[in-house]
Amino acid sequence: MGMFTAFDINATGMTAERFRMDIISQNIANTNTTRTEDGTPYRRKVVVFEEKNSPHNFHHVLTTAKHRYSGNGVKVNGVYEDEWTEMNMVYDPSHPDADENGYVTYPNVNTITEMTNLIDASRAYEANSTAFSASKNIATKGLDMLNS
């Protein structure tokens with residue numbers, strides 16, 4: 001592993017967690033959005049990560065294993081709408097988006113879940129930042145040893 005590989009790995013982790021925090025913030029901001037541009041209620045978004053430079057088939061795995069394959073961090077695989085959590089139905093016949101029975105479909109965003117995910121992403125960002133600082137200190141000490 002090269003000297004700067006640790007920096008790359010930690011930087012990709014921080015970037016991915018920052019993006020995840022942005023999506024979580026978007027979810028929280030749209031907790032009460034009953035109508036988006038396409039006329040439907042907002043759907044919670046979920047970020048999925050994968051290993052950066054991950055192999056996609058057996059041949060690639062075999063070839064790269066011969067060359068001592070090692071990942072170089074994480075990347076965002078995509079942002080997907082949460083289709084598995086049910087939308088919240090609230091009885092409010094006076095709401096402009098109420099259906100014929102008086103129910104309003106609210107987003108499937110649970111503030112407690114989002115805040116828990118936000119804390120998780122924040123701690124993961126902090127862990128990557130701490131590891132980045134430790135790598136920087138190790139590199140600095142190594143350079144200091146070369147100078148003396």
Side-chain angles (χ1 to χ4, degrees), residues 1-140:
M1 177 161 65
M3 184 170 92
F4 296 107
T5 304
F7 296 138
D8 292 339
I9 291 169
N10 294 319
T12 61
M14 288 189 290
T15 302
E17 293 299 342
R18 171 66 193 270
F19 182 75
R20 182 175 167 213
M21 286 188 272
D22 290 343
I23 296 299
I24 292 168
S25 299
Q26 180 181 352
N27 288 341
I28 293 171
N30 285 295
T31 299
N32 294 318
T33 303
T34 58
R35 188 181 318 161
T36 58
E37 291 177 359
D38 63 356
T40 61
Y42 177 82
R43 278 204 172 271
R44 175 178 180 257
K45 294 185 176 38
V46 180
V47 179
V48 177
F49 298 148
E50 74 177 17
E51 182 181 350
K52 191 174 176 185
N53 300 328
S54 68
H56 296 290
N57 60 41
F58 180 75
H59 181 275
H60 187 255
V61 172
L62 185 61
T63 304
T64 54
K66 291 179 185 176
H67 297 92
R68 298 183 64 201
Y69 175 80
S70 64
N72 291 319
V74 67
K75 68 178 181 178
V76 174
N77 182 7
V79 178
Y80 303 99
E81 288 188 348
D82 179 356
E83 299 287 340
W84 55 91
T85 306
E86 292 185 25
M87 303 297 268
N88 298 321
M89 300 296 288
V90 176
Y91 183 73
D92 185 4
S94 64
H95 194 282
D97 291 328
D99 63 11
E100 62 278 351
N101 298 323
Y103 284 94
V104 180
T105 305
Y106 279 94
N108 57 349
V109 176
N110 182 333
T111 307
I112 295 170
T113 302
E114 297 302 323
M115 290 304 294
T116 304
N117 290 341
L118 187 60
I119 291 169
D120 180 52
S122 175
R123 297 288 165 85
Y125 184 92
E126 289 173 17
N128 278 294
S129 177
T130 301
F132 188 91
S133 295
S135 298
K136 183 176 79 172
N137 289 338
I138 291 169
T140 302

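These numbers come from a predicted model, not from an experiment.
- Listed by first and then second residue, the ring-ring contact (aromatic ring centres under 6.0 Å, His included) pairs that reach into residues 28-51 come to none, sequence neighbours excluded.
- Residues satisfying the ring pair (Phe, Tyr, Trp, His ring centres under 6.0 Å) criterion with Tyr103, sequence neighbours excluded, are Tyr91.
- Between Val47 and Val76 the shortest side-chain heavy-atom distance falls below 4.5 Å.
- Applying the side-chain contact (heavy atoms from CB on, under 4.5 Å) rule to Asp120 yields the partners Arg20; only residues at least two apart in sequence or on another chain are considered.
- Every side-chain contact (heavy atoms from CB on, under 4.5 Å) that Ser94 has, sequence neighbours left out, goes to Asp92.
- For Asn108, the side-chain hydrogen bond (donor to acceptor under 3.5 Å, both in side chains) criterion is met by no residue, not counting sequence neighbours.
- Ser133 pairs by the side-chain hydrogen bond (donor to acceptor under 3.5 Å, both in side chains) definition with nothing, not counting sequence neighbours.
- For the pair Pro107/Asn30, no side-chain contact is recorded, criterion being any heavy-atom separation below 4.5 Å from C-beta on.
- Among residue pairs with one or both ends in residues 126-139, none qualify as salt bridge (Lys or Arg N to Asp or Glu O under 4.0 Å); sequence neighbours excluded.
- A distance of 10.0 Å separates CG in Asn110 from CD1 in Ile28, rounded to the nearest 0.5 Å.
- Here ring-ring contact (aromatic ring centres under 6.0 Å, His included) pairs that include residues 108-132, with residues two or more places apart or in two chains, are Phe7-Phe132.
- Partners of Asp99 according to the salt bridge (Lys or Arg N to Asp or Glu O under 4.0 Å) rule, which considers only residues two or more places apart in sequence or in another chain, do not exist here.
- Partners of Asn101 under the side-chain hydrogen bond (donor to acceptor under 3.5 Å, both in side chains) rule, at least two apart in sequence or in another chain, do not exist in this structure.
- Annotation: salt bridge (Lys or Arg N to Asp or Glu O under 4.0 Å) contacts involving residues 22-37, sequence neighbours excluded, comprise Arg18-Asp22, Arg35-Asp97.
- Scanning for side-chain hydrogen bond (donor to acceptor under 3.5 Å, both in side chains) contacts around Asp82 gives Arg44, Trp84, Thr85, with sequence neighbours left out.
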